[in-house]
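Everything numeric here is computed off the predicted structure, so don't read it as measured data. Scope of the values below: all heavy atoms of this structure, side chains included, with no hydrogens, waters or symmetry mates. The chains referred to below are lettered A, B, ... by the order of the sequence lines, with proteins before strands, and numbering in each begins at 1.
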Amino acid sequence: MSRYNPKELEAKWQKKWQSDKTFQVDLEKAEKPFYNLMMFPYPSGEGLHVGHVYAFGGSDTFGHFKKMQGYDVFEPMGFDSFGIHSENYAIKIGKHPRELIEETTKYFKEEQLDKLGALFDWSKSVTTSEASYYKWTQWLFIQLFKAGLAVRKKSSVDWCPSCLTVLADEQVIAGKCERCGTEVIQKELEQWFFKITDYAQRLLDNLEKIDWSETTKTMQRNWIGRSEGAEIIFKLRDVPGQEDDKHSVTVYTTRPDTIFGATFLVISPETVKSWLDIGFLAKDEVKKYVDESLNKTEVSRLAEGKDKTGVDTEIKAVHPLTGELLSVWVADYVLGSYGTGAIMAVPGHDQRDYDFAKKFGLPIVEVISGGDVKKEAWQGEGKLVNSEKFNGQSVEEAKINLSKYIEEKNSGSKKVNFHLRDWLVSRQRYWGPPIPMIYCESCAKDKKGEQEGMSGWYSVPEKDLPVELPYVEDYQPRGSGVSPLASVPSFLSVKCPGCGKDAKRETDVSDTFLDSSWYFLRYPSVGDDEVAFEPEVTKKWLPVNQYIGGNEHAVLHLLYTRFITMALSDLKLINFEEPFDKFRAHGLIIYKGAKMSKSRGNVVNPNEYMQAYGADTLKMYLLFIGPYELGGEFDDRAITGVYRFLNRVWTLVEGLEEVKESNKELETKLNSLIKKVSDDLENLRFNTAIAALMEFLNLVYKHQSNLSREIVLNYLKLLAPFAPFISEELWEKLGEKGSIHQQSWPEVGKVVEETSWQIVVQVNGKFRGKVEVAKDSSEDQVSQEAQKIPSVEKDLQDKQISNKVWVKGKLINFVAD
RNA sequence: GGGCAAGUGGCGGAACUGGUAUACGCGUAGGUCUCAAAAACCUAUGGUGGCAACACCUUGAGGGUUCGACCCCCUCCUUGCCCACCA
């Protein structure tokens with residue numbers, strides 16, 4: 001008899017599986033491909049934490065299960081090693097990111113990932129900061145540029161004063177930088193954008209077709225933020241320094257039904273700025289207000305909350321239906337970046353407009369009945385009033401009829417708007433793939449360029465890829481609006497691909513999210529230096545069958561991957577629009593009541609637990625905590641429960657004595673266990689599957705004397721996906737040939753086919769018990785069975801109730817006469 | 001303010017398409033083994049009353065539908081996550 005020694009046996013099998021290539025798949029020859037993907041980590045200095053073990057453990061357990069079901073499971077792993085995260089850490093500890101990444105990836109792989117017993121195929125791994133990978137990231141950029149989907153635009157963008165770079169809309173959370181929490185400020189800059197907004201409707205529509213966590217889909221829907229409404233044109237009067245009737249302003253509204261309640265217009269500071277730029281005159285007060293609000297951070301604009309500010313521009317606007325003259329105000333509660341940057345204010349039916357009107361003494365008109373507009377804006381349902389011939393219509397009717405009417409009067413049209421903004425991909429940082437573009441001043445003067453409307457700009461010829469990121473010592477961000485690469489002359493100067501004269505490279509690098517937006521496409525083609533993704537193997541393995549990761553990426557990574565995939569599909573480079581057939585978000589593992597984070601100092605390091613209990617126990621414990629999609633609280637005491645369980649399995653199998661006749665009850669139970677574990681695994685319900693395995697073991701301990709080898713072998717197979725090491729060791733100890741992970745998953749026998757029904761028995765509405773009856777039993781037979789319940793028998797004698805029954809569905813009910 | 005998810009023992013959590021709660025695990029108590037302890041194994045463990053058989057109560061709160069509700073409907077409260085002056 002030996003003791004269960006996880007440390008020793010896990011090291012043994014890790015080595016053996018590696019040398020035997022037990023888990024490797026031949027991508028070309030595979031017959032039943034299953035692409036099992038999990039989100040790759042960025043290699044931080046702290047190493048893998050328990051949350052990773054949870055995420056990867058669940059996904060990999062599923063992978064093992066699929067493998068035993070006969071699929072050729074491809075389960076790659078890699079590193080998202082470019083990006084501000086890694087760079088900031090490198091700066092902090094004073095080590096060059098390139099050297100740092102080499103160390104951290106090695107540590108991640110050898111000290112942590114390798115020890116999990118996962119199916120990872122390291123022969124197909126990617127590290128996004130390696131030239132062999134980012135060559136193709138750059139290639140991807142060029143494809144988008146050539147398709148007109150990568151453009152340079154000057155606009156007001158979010159700038160993080162701490163990270164010293166611009167950020168994408170998705171990377172700004174409530175006015176703060178997603179990474180460092182610093183308040184972002186607005187800067188007017190020319191930057192590279194990907195036109196994800198062109199795909200807004202498709203990104204929304206396709207959500208119906210994919211099997212993703214509902215929570216994730218909802219978040220994407222909200223982010224895309226489709227709204228239906230109308231654009232309405234208001235002619236302007238009394239514009240200082242301009243002739244009458246020459247100018248107009250277009251507003252966006254989702255409530256065209258309230259147009260008769262529009263009592264003034266509000267224009268965003270950004271829009272008014274553009275008016276001033278084209279020669280509108282305005283009093284100093286207006287100019288001052290515009291300047292001030294454009295310099296405010298998003299946060300301080302928000303912090304002022306409902307206390308509205310604004311200035312009357314003294315311009316007048318003509319109401320398109322009544323002809324009335326309305327005053328035009330500038331106020332920062334209207335955003336320049338949404339809709340048309342201007343609104344018609346309907347204070348009677350919009351709380352923000354109401355607050356504004358109250359503050360500045362502007363008129364409030366009720367046009368929808370149902371509320372009390374003297375007290376507050378009424379935003380509910382009702383009938384139209386004060387709306388001429390539309391009076392009496394419902395909001396729903398009026399929306400349709402008024403949009404139509406406005407359109408007939410040439411004063412506007414229906415319009416769909418999206419919250420989604422174009423993806424800003426430039427970063428003024430060092431640690432990323434250089435954007436593979438060249439700017440030629442000479443061509444710019446001649447209005448020449450590779451793409452229309454982008455004179456001076458050329459993509460780097462594909463044969464010159466990759467544009468290597470030069471190794472420089474001084475990689476600190478500058479804050480000057482350009483990346484550190486701008487001060488590397490050898491990098492900067494290049495010949496123009498258009499005219500051959502001296503030109504300059506783009507010095508910004510691209511967003512990390514571009515690196516990760518396509519890595520899953522690369523995995524199967526790793527090693528191929530001719531193409532980004534080899535057509536045959538891509539066709540065979542993609543789209544990904546199942547993807548698992550954290551929901552914090554619902555509107556970042558997961559939206560970008562969908563956009564990139566859709567764009568590549570349109571370019572005929574791949575033949576599918578959606579990257580992941582199935583996506584499931586796992587929950588968060590919390591510790592001491594809070595999300596694990598360095599700043600809170602409550603990060604659980606998996607290494608010590610792996611040392612003490614082994615990877616099998618740690619992983620299985622994490623999966624046992626609760627439903628996979630909910631996560632849960634890590635409790636260092638509770639982990640012993642799983643450890644005890646594995647020890648009990650060990651003891652049982654070690655001491656197994658052959659018996660010829662096996663216990664019938666156990667056989668039946670095993671069958672339902674197989675069904676239970678299979679169903680649960682299929683649906684990622686690891687916690688209940690593990691509970692069922694424990695329950696069975698408890699039962700086995702009571703029937704130990706007549707436990708058959710057959711049952712034990714099957715049981716080990718069911719355990720194998722959860723605890724790959726111990727099950728392999730015991731498989732070997734029992735003298736079985738080959739790896740347990742290459743065995744086929746146990747089949748559910750016929751015994752558990754449902755042949756009986758459970759029927760609930762009540763007497764005069766009171767519960768008396770349940771009976772099992774054959775499915776084809778007659779009413780009388782059911783009644784006979786039910787009467788065998790002692791209390792029913794008693795009732796029949798004592799209370800003299802009749803034995804008449806009625807059977808309704810699964811209910812049998814005895815009633816008094 | 002909007003959206004999403006969730007509220008079940010001392011704790012993490014089970015409960016099939018509504019079928020008569022608290023699976024599994026932790027913790028706790030008692031026992032076996034031991035000189036002793038740990039480990040392991042066995043037993044008990046929602047609450048209240050009772051020596052007891054047993055009775056009554058219990059899935060955030062309150063209503064409703066149903067023979068029957070943790071599950072469905074309505075109102076409210078709490079927590080977590082996401083978004084947020086998006087017209």
In terms of side-chain heavy atoms of Thr640(A), which of C83(B), G27(B), C24(B) is nearest?
-> G27(B)
With respect to the side chain of Trp223(A), which nucleotide from A87(B), C83(B), G25(B) is positioned closest?
-> C83(B)
Distance check, [atom1] atoms only: [N] and [M], in whole angstrom units.
N      : M      : atom1 : result
G63(B) : C77(B) : C1'   : 15 Å
U22(B) : U45(B) : C1'   : 12 Å
C4(B)  : U59(B) : P     : 26 Å
A14(B) : A6(B)  : C1'   : 16 Å
G62(B) : U58(B) : P     : 9 Å
C26(B) : C35(B) : P     : 28 Å
A21(B) : U32(B) : C1'   : 33 Å
C16(B) : C71(B) : P     : 12 Å

Sugar-phosphate only, base, or nothing, as touched by Ala691(A) at under 4.0 Å among non-hydrogen atoms =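 Base: the residue Ala691(A), judged by heavy atoms under 4.0 Å, touches a nucleobase.
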Under 4.0 angstrom, heavy atoms only, what part of the nucleic acid is Ile173(A) near: base, sugar-phosphate, or nothing?
-> sugar-phosphate
By side chain to side chain contact (heavy atoms under 4.5 Å, CB included) - contacts of Pro363(A) (at least two apart) =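 Side chain to side chain contact (heavy atoms under 4.5 Å, CB included) list for Pro363(A), sorted by chain: Thr263(A).
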What residues, two or more places apart in sequence or in another chain, satisfy ring-ring contact (aromatic ring centres under 6.0 Å, His included) together with [X]?
X         : answer
Phe722(A) : none
Tyr199(A) : Phe563(A)
His319(A) : none
Phe193(A) : none

Specify the separation, in whole Å, of atom [atom1] of [X] and atom [atom2] of [N].
X         : N      : atom1 : atom2 : result
Glu695(A) : A23(B) : CD    : C1'   : 6 Å
Tyr701(A) : C42(B) : OH    : C1'   : 13 Å
Leu588(A) : C81(B) : CG    : C1'   : 9 Å
Ile224(A) : G2(B)  : CD1   : P     : 22 Å
Leu697(A) : A40(B) : CG    : P     : 14 Å
Lys217(A) : C81(B) : NZ    : C1'   : 19 Å
Tyr643(A) : G27(B) : OH    : C1'   : 20 Å
Leu618(A) : G25(B) : CG    : P     : 19 Å

For Ser387(A), all residues meeting side chain to side chain donor-acceptor pair (under 3.5 Å), sequence neighbours excluded = none
Test side chain to side chain donor-acceptor pair (under 3.5 Å) applied to Tyr252(A) - qualifying residues, sequence neighbours left out = Ser227(A)
Map Asp169(A) and Ala692(A) onto RNA chain B by nearest heavy atom, then report which one ends up closer to the 5' terminus.
->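 Comparing both residues, the 5'-ward one is Ala692(A).
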5′-ward residue of the pair Gly341(A)/Ala638(A) relative to RNA chain B |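 It is Ala638(A) whose nearest nucleotide is closer to the 5' end.
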Is there a side-chain contact between [X] and the phosphate of [N], meaning an N or O under 4.0 Å from OP1 or OP2?
X         : N      : answer
Tyr338(A) : A87(B) : yes
Arg644(A) : A40(B) : yes
Arg221(A) : C83(B) : no

Check the pair Tyr643(A), Tyr621(A) against ring pair (Phe, Tyr, Trp, His ring centres under 6.0 Å), reporting the backbone distance first and the verdict last.
-> CA-CA 8 Å; Tyr643(A) 189 59; Tyr621(A) 165 64; over 10 Å; no
List the atom of Leu424(A), the atom of Ala168(A), and the distance in Å for their closest heavy-atom pair.
-> O-CB, 3.7 Å
Where do Ile233(A) and Gly412(A) come nearest, in terms of heavy atoms and distance?
-> CD1-N, 4.3 Å
In 5'-to-3' order, the base (B), backbone-only (S) or no-contact (-) status of each nucleotide in nucleotides 8-15 of chain B, using a 4.0 angstrom heavy-atom cut-off, is ----BSSS
What is the glycosidic conformation of G9(B): syn, defined as within 90° of 0, or anti?
->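 Nucleotide G9(B) adopts syn.
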All N/O pairs under 3.5 Å across the protein-nucleotides 3-7 of chain B interface:
from  : atom 1 : to        : atom 2 : distance (Å)
G3(B) : O2'    : Asn222(A) : ND2    : 3.2

Sequence neighbours left out, what pairs pass salt bridge (Lys or Arg N to Asp or Glu O under 4.0 Å) with at least one residue falling in residues 639-649 of chain A?
-> none
Cut-off 3.5 Å, no hydrogens considered: what does the side-chain donor-acceptor table look like for residues 413-421 of chain A, sequence neighbours left out?
from      : atom 1 : to        : atom 2 : distance (Å)
Arg421(A) : NE     : His419(A) : O      : 3.0
Arg421(A) : NH1    : Ser337(A) : OG     : 3.1

Where does RNA chain B form stems of at least three consecutive Watson-Crick or G-U wobble pairs, each pair having both distances below 3.5 Å?
->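 Stem list for RNA chain B: B:1-7 with B:77-83, B:10-12 with B:24-26, B:27-32 with B:40-45, B:46-49 with B:54-57, B:60-64 with B:72-76.
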Parallel, tilted or perpendicular: which describes the rings of Phe356(A) and Phe360(A), with under 30° parallel and over 60° perpendicular?
->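 Ring orientation of Phe356(A) relative to Phe360(A): tilted.
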Check against ring pair (Phe, Tyr, Trp, His ring centres under 6.0 Å), Phe624(A) and Phe686(A) | CA-CA 7 Å; Phe624(A) 183 59; Phe686(A) 306 114; over 10 Å; no
